Amino acid sequence: MSRIGILKTYKIYIGGQFPRTESGRYYPLENKQGEVIANICLSSRKDFRNAVVAARGAFAGWSGRSAYNRSQILYRIAEMLEGRSAQFIEELILTGSTRAAAEKELHQAIDRLVYYAGWCDKYTQIFSSVNPVQSSHFNFSVPEPTGVVAVSAPQDSSLLGLVSVIAPILAGGNVCIVLAAEKKPLAAITFAEVLATSDLPGGVINILTGKTKEILPQMASHMDVNAVVWAGNSAEEIKQTQETGAVNVKRIFNWTKNDWTSAQAQNPYLIFDLQEIKTTWHPIENIGTSGAKY
Amino acid sequence: MKSNPDFSKSPTIDQVGVEERVARLNTRSIKKESKVAGLKLALNMIDLTTLEGKDTEGKVRQMCYKAMHLHDALPDLPTVAAVCVYPTFVATAKAALGNSGVKVASVATAFPAGQSTLDVKIRDTQFAVDCGADEVDMVISRGEFLRGNYSFVFDEIAAVKKACGPARLKVILETGELSTLDNVRRASDIAMYAGADFIKTSTGKIQPAATAPVTLTMLEAIRDYYYETGIMVGMKPAGGISSAKAALQNLVMVRETLGAAWLDNHWFRFGASSLANDILLQLLKEATGRYQSSDYISKD
């Protein structure tokens, strides 16, 4: 007797849990041959709201961790991704990749996580400064995480693109809500399963699936979202996001890249985008024997 | 005058039935104008509370200001019903609130444990009332209750009620320590027959606090007492109600169990410290159409 295979239910990822969308809406995902391979959650604005609440709750804990510990956890995500290689390659093929391209994309995604894991405890040095001032103060500026970041993930590169936008946000101590690629959501949900088993506290990354045109305006208008990272394809989308986002002076970034495999697609300035500079004036007498006043 | 009932024969509670009734009531959907009206009503029912060892006069004055000015940017907001403080801060609160109409409630009777002599509890109560408290929140002796000494609990409540004079008395059952809904019902009956003006779930210091089944059980006790005596008694769930949604669900329970007459802050209160801010967020959302952030409203 042949066994009937168990199909996987793809759900969204909020606060470390895998709920279905509260809206009860789904959209069919088809493979290249036009066959339905899964029903995907069509997330609503309430799912997004719930995700923001989860993210806000996780922010203090995540940003308060030592940089070294964040680094360890990012590295752990890379380890978990490696362990699930076969599944990711199958799903990338299901959503249109060739086997060779899928393998390359997965390996680059793992390497990218390791790259940003390395940056966690280093970007602060290169973006900090000690500032000369005309008074007896030790004056220094350090970057601090912006807060809750909403992300519209790249539409074409469903795993590498996703990892490439999440990793720098996370490395900098931010928390995020990500809307996965509309037509290629499988890798994003399986990636959520990787996150759930990699010591990452619930709520630090939340992943929704659904329509960009429904969720992106919510990202822009939600008062508890501090920044939006957009990596989509339509100029009209980013224009409207910037206009709506002005309501609470959100930081809005256009991270669209033609090629997520290129070396330019990873750099510490992406971490720096989601940082705020805090300057401290610390009263002192002279520093050093030279009499220098920093 | 009719004699008091035998409290050892208080009605038993069908826990599964209560939970199902709560679940059914929680499916009510309240939207748009009704939601706004319900939320404003809930705001107006809040006893804004600070009961911490680290409380200071400054903290109490700050809270009193918040009680009177919940969010001035939003027009047509009510004030909260009362502020709830320790007896030592009653005078401070009274002065800060002036003639705003916001009442001052004070916990008394060796709150929150209630482990002291009746003499001390009476003096604690009188001190609060002398300082100007409009309402007194007392705790029952749970230890005596649990070992079946119901007349002790009854007499204590009656004595504190006498010491309250004109102040209204809220009796805290501390349901988190009573273990069963049967006990909650029995304690409610004792408190009401002993003269409580309000019965209240919890001190807020013990978990679980005001769960929906406990609140419904107490509301039903109030209803039965009203049928029996014709006297209305108020209800105050306290602790654990921090979301606007939970507040609306409580109002639904009150409306369906006791009727519209109880939908007034003379008869129903929420004991809460963070509920007001969540309701404000929801009201702002209704007013602007945008989900809100606590960054834009005062924390205390």
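Owing to the predicted nature of the structure, the values given are computational and were not obtained by experimental measurement. Sequence lines set the chain letters: A, B, ... in the order given, protein chains first and strands last, and positions in each chain run from 1.
Within 6.0 Å of NZ on A:K183 lie no more than 12 heavy atoms contributed by other residues, nucleotides or ligands. The local environment of NZ in A:K184 is crowded, with over 12 non-hydrogen atoms from other residues, nucleotides or ligands closer than 6.0 Å. Sparse packing is recorded around CD of A:Q17, with 12 or fewer heavy atoms of other residues, nucleotides or ligands lying under 6.0 Å away. Shown here is A:K11, whose NZ atom has more than 12 heavy atoms of other residues, nucleotides or ligands within 6.0 Å. Surrounding CZ of A:R25 are more than 12 heavy atoms belonging to other residues, nucleotides or ligands, all under 6.0 Å away.
The CZ atom of A:R56 sits 7.0 Å away from atom OG of B:S294, with the distance rounded to the nearest 0.5 Å.
Contact annotation for A:V148: neither backbone nor side-chain heavy atoms come within less than 4.5 Å of a heavy atom of chain B.
The ring-ring contact (aromatic ring centres under 6.0 Å, His included) test applied to B:F268 returns B:F270, not counting sequence neighbours.
When the candidates A:V247, A:V52, A:V225 are compared by the number of heavy-atom contacts under 4.5 Å with chain B, A:V247 comes out ahead.
Residues of residues 272-292 of chain B placed with any heavy atom under 4.5 Å of a heavy atom in chain A are listed by number as B:K285, B:R290, B:Y291, B:Q292.
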